[in-house]
Amino acid sequence: MSPTRAWSEHRWIYLGAIVVLVVVAVVGLFTYTQQKNTNEAYRKANQLNEALAADGFAVRDPATIADTLGTDGGVVCEDPNSALRRGLWLVQISNGAAGPGQRPVIADKRILEAGAEVVKVYCPDRLDDYQQKINDLRTGNTVND
């Protein structure tokens with residue numbers, strides 16, 4: 001049997017093996033990148049948890065924080081000071097009623113500082129602007145411990 005005849009008879013096996021190896025290599029690279037991102041997300045989630053615990057908030061599951069905020073803070077850091085995001089945020093700190101019964105409330109300073117901790121950990125370059133926005137709000141000690 002000549003070498004060219006063996007190649008032609010087994011060509012599909014060789015090409016199949018090459019394709020499988022390339023696919024495995026690509027999947028391996030993708031998995032490595034995802035694991036690196038996951039480790040970074042958990043590091044930031046733990047950092048946020050420690051900062052919030054130091055401020056007296058309950059400790060949350062790092063997996064939930066990592067899934068929600070990822071490595072870059074997700075929607076929190078896209079543009080935390082845009083008019084639309086600020087409007088939605090102010091609606092969320094209202095009394096919770098709907099329609100004509102909805103009223104603004106005096107927010108607790110600690111809640112706003114918790115939001116600042118998220119910005120500090122995930123997008124520290126936007127912290128000064130965020131801090132100025134929350135300093136403009138009327139706050140008080142409204143949450144009973």
Side-chain angles (χ1 to χ4, degrees), residues 6-145:
W7 165 252
S8 65
E9 287 179 1
H10 302 292
R11 174 179 37 194
W12 297 113
I13 294 173
Y14 296 138
L15 290 176
I18 290 170
V19 167
V20 168
L21 287 175
V22 168
V23 168
V24 167
V26 169
V27 168
L29 287 173
F30 181 72
T31 304
Y32 173 76
T33 303
Q34 291 293 24
Q35 185 61 40
K36 183 178 172 187
N37 288 344
T38 301
N39 290 343
E40 179 69 14
Y42 274 96
R43 186 187 65 74
K44 286 188 175 187
N46 286 327
Q47 181 182 352
L48 177 61
N49 241 347
E50 290 169 5
L52 291 176
D55 287 344
F57 290 96
V59 175
R60 302 289 177 209
D61 180 28
T64 304
I65 296 172
D67 289 344
T68 304
L69 298 174
T71 59
D72 61 354
V75 296
V76 173
C77 291
E78 279 179 12
D79 189 6
N81 297 317
S82 71
L84 177 61
R85 199 164 310 275
R86 181 172 165 82
L88 291 172
W89 181 61
L90 289 173
V91 166
Q92 291 172 350
I93 58 173
S94 68
N95 65 353
Q102 189 171 18
R103 303 283 187 266
V105 297
I106 297 173
D108 194 291
K109 182 79 170 166
R110 288 183 54 219
I111 301 299
L112 300 176
E113 289 171 356
E117 287 295 332
V118 174
V119 174
K120 187 188 303 181
V121 170
Y122 286 94
C123 44
D125 56 319
R126 298 178 185 250
L127 181 62
D128 292 334
D129 293 337
Y130 184 82
Q131 199 69 45
Q132 287 176 352
K133 295 287 185 183
I134 65 173
N135 288 341
D136 292 343
L137 295 174
R138 185 172 172 198
T139 60
N141 187 8
T142 59
V143 176
N144 296 329
D145 291 330

Peer 1: Which residue pairs pass the salt bridge (charged side-chain N to carboxylate O under 4.0 Å, His left out) test when at least one of the two sits in residues 111-135, sequence neighbours left out?
Peer 2: Asp79-Arg126, Glu117-Lys120

Peer 1: Say you draw a straight line from NZ of Lys109 to CG of Asn135; how long is it, rounded to the nearest 0.5 Å?
Peer 2: 4.5 Å

Peer 1: Let me confirm one number: the CD1-OG1 distance from Ile134 to Thr139, rounded to the nearest 0.5 Å.
Peer 2: 8.5 Å

Peer 1: Would you name the heavy atoms of Thr68 and Thr64 that are closest together and state the gap between them?
Peer 2: OG1-O, 2.8 Å

Peer 1: Grab the two heavy atoms, one from Asp72 and one from Cys77, that are nearest each other, plus how far apart they are.
Peer 2: O-CB, 3.4 Å

Peer 1: Which atom pair, heavy atoms only, marks the closest approach of Arg110 to Gly56?
Peer 2: NH2-O, 3.4 Å

Peer 1: Please table the atom pairs, donor to acceptor, closer than 3.5 Å between any side-chain atom in residues 42-52 and protein atoms at least two apart or in another chain.
Peer 2:
residue	atom	partner	partner atom	Å
Arg43	NE	Glu40	OE1	3.4
Arg43	NH2	Glu40	OE2	2.7
Lys44	NZ	Thr71	O	2.8
Asn46	ND2	Tyr42	O	3.2
Asn49	OD1	Arg60	N	3.0
Asn49	ND2	Arg60	O	2.5

Peer 1: How far does CG of Leu127 sit from OH of Tyr122, to the nearest 0.5 angstrom?
Peer 2: 15.0 Å

Peer 1: Determine, step by step, whether Asn141 and Asp108 satisfy the side chain to side chain contact (heavy atoms under 4.5 Å, CB included) criterion, reporting the C-alpha distance in whole Å, the side-chain angles of both residues, the deciding distance to 0.1 Å, and the verdict.
Peer 2: CA-CA 5 Å; Asn141 187 8; Asp108 194 291; 3.6 Å; yes

